[in-house]
Amino acid sequence: MTNEKIKTATEVVTGFIDEQAKDENLDPDTVKSVGALRDEGKLTKVNLLRQLEVLRKAAINTQADEGGADD
């Protein structure tokens, strides 16, 4: 048998999110939100989709505000 420690799902997800946080090509607000859901113990499919929708709407509003300033 092997003495290799098998990671738990929580450890795998935590490692993945921590690695994504280092990727400068990803939206930092999205990575931060996913990390916050994980830290709060609320990282579920439904909560993730809701949070991503909030971020999407905020990005659209920001783009509209910036576009309106150019008029």
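Counting from 1, the numbers follow the sequence of the chain as shown.
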Within-4.5 Å side-chain heavy-atom neighbours: Arg38 and Asp18
yes
Validation row: Lys42, Gln51 side chains within 4.5 angstrom (heavy atoms)
no
State plainly whether the residues Asp27 and Arg56 are in salt-bridge range, i.e. N to O under 4.0 Å.
no
Under 4.0 Å between a Lys/Arg side-chain N and an Asp/Glu carboxylate O for Glu19 and Lys22?
yes
Identify the heavy atoms of Glu11 and Lys7 that sit nearest to each other, and give their distance.
OE1-CA, 3.1 Å
For a quick test of reading the model, state the closest non-hydrogen atom pair linking Leu43 to Val13 and the distance between them.
CD2-CG1, 3.7 Å
In the hydrophobic cluster built from side-chain contacts under 4.5 Å, what are the other members alongside Ile6?
none
Is Val34 reachable from Leu37 through a run of I, L, V, M, F, W or Y residues, each pair having side-chain heavy atoms under 4.5 Å apart?
yes
With hydrophobic residues grouped by side-chain heavy-atom distances under 4.5 Å, do Ile17 and Leu52 end up in a single group?
yes
Would you say NZ of Lys45 has more than 12 non-hydrogen atoms from neighbouring residues, nucleotides or ligands within 6.0 angstrom?
no
